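Below: the structure, in structure tokens.
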Amino acid sequence: MATNGDVEAKRSFMDAFFEELDGKIDFLPDLRASGRKDEALMLCCLYLDGLGNWLATEQGTTRNFCTALMNHGGEEVLQLVLPHLLAEKLPWKGAPTGASTLKKTLTELPRYEALSQAGLLASVAKDTPEDHLKWLESEIWRGAIANVVHTRIRSLNVHYLGSAGDLSFSNTTYLGQNLPEIDFAMLMRALRRIAEHARKTSTETNKWFGLI
């Protein structure tokens with residue numbers, strides 16, 4: 001059984017860790033301002049990766065990255081789902097029997113209209129069995145704009161020495177409005193919120209990231 005001293009020591013270690021992490025995050029705008037835009041963006045994505053993996057250790061790294069952005073990043077656009085991307089990315093070989101109807105339903109939704117997760121599920125619910133809906137809900141992150149960030153920004157920077165940087169969805173709307181550009185500033189805001197969530201969760205539970 002942990003003593004009060006053990007608890008305080010653990011809190012001290014956690015506080016020190018998150019203080020250091022905050023310092024690393026605070027450095028990124030300065031790094032970018034010095035002309036190292038690719039490096040600043042890459043480190044931002046790597047910190048998102050690391051926080052995502054700590055917050056949801058039971059999932060794959062891509063899913064962890066997306067889940068962290070969607071659930072704790074605080075940017076609505078990153079939570080939105082692109083139906084045709086979802087139809088393309090879903091692991092259909094592992095889908096419930098008869099899911100070809102669901103695939104057809106997704107591809108019939110407007111190509112250039114993003115939906116909230118709840119909105120997408122509601123759009124297909126009428127013609128979709130309950131077990132198919134539950135499967136879709138568990139895999140919906142694959143069609144989220146957060147996953148586009150992973151593919152077009154995070155992975156290109158980590159594996160291919162840089163990316164175009166900002167993401168623009170000029171042809172896509174949400175509730176009749178054009179989607180905002182996804183840039184370094186937005187990802188930094190999301191990163192700070194996720195780091196704060198991780199710190200708060202650790203402090204409140206006295207467990208690393210609420211899990212360990």
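Every value quoted in this text rests on a predicted model; they were computed, and no experiment measured them.
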Please test Lys103 against Glu108 for side-chain contact (heavy atoms from CB on, under 4.5 Å), starting from the C-alpha separation and ending with a verdict. CA-CA 9 Å; Lys103 186 174 184 178; Glu108 288 175 347; over 6 Å; no

Could you pull out all donor-acceptor pairs under 3.5 Å where a side-chain atom in residues 167-185 meets a protein atom, sequence neighbours excluded?
unit_1 : atom_1 : unit_2 : atom_2 : d
Asp183 : OD1    : Ala185 : N      : 3.4
Asp183 : OD1    : Met186 : N      : 2.9

Does atom [atom1] of [X] have more than 12 heavy-atom neighbours, drawn from other residues, nucleotides or ligands, at distances under 6.0 Å?
X	atom1	answer
Arg36	CZ	no
Phe17	CZ	yes
Trp208	CH2	yes

Exercise. Indicate yes or no: at least one non-hydrogen side-chain atom of Leu80 is less than 4.5 angstrom from one of Gln117.
Key: no

Query raised in the report: Hey, does Asp26 have a side-chain heavy atom less than 4.5 Å from the side chain of Arg192?
Result: yes

Between the side chains of Asn157 and Ser163, is a donor N or O closer than 3.5 angstrom to an acceptor N or O? yes

Sorted by chain and number, sequence neighbours left out, ring pair (Phe, Tyr, Trp, His ring centres under 6.0 Å) with His197 holds for His72

All heavy atoms of Asn64 vs all of Ala56, minimum pair found to be OD1-O, 2.8 Å

Distance-only check: which donor-acceptor pairs under 3.5 Å involve side-chain atoms of residues 134-148, not counting sequence neighbours?
unit_1 : atom_1 : unit_2 : atom_2 : d
Ser138 : OG     : Trp135 : O      : 2.7
Glu139 : OE1    : Arg142 : NE     : 2.6
Glu139 : OE1    : Arg142 : NH2    : 3.2
Asn147 : ND2    : Arg142 : O      : 2.8

- Task: Please lay out, stage by stage, how Ser116 and Val81 fare under the test side-chain contact (heavy atoms from CB on, under 4.5 Å).
- Result: CA-CA 6 Å; Ser116 67; Val81 181; over 6 Å; no

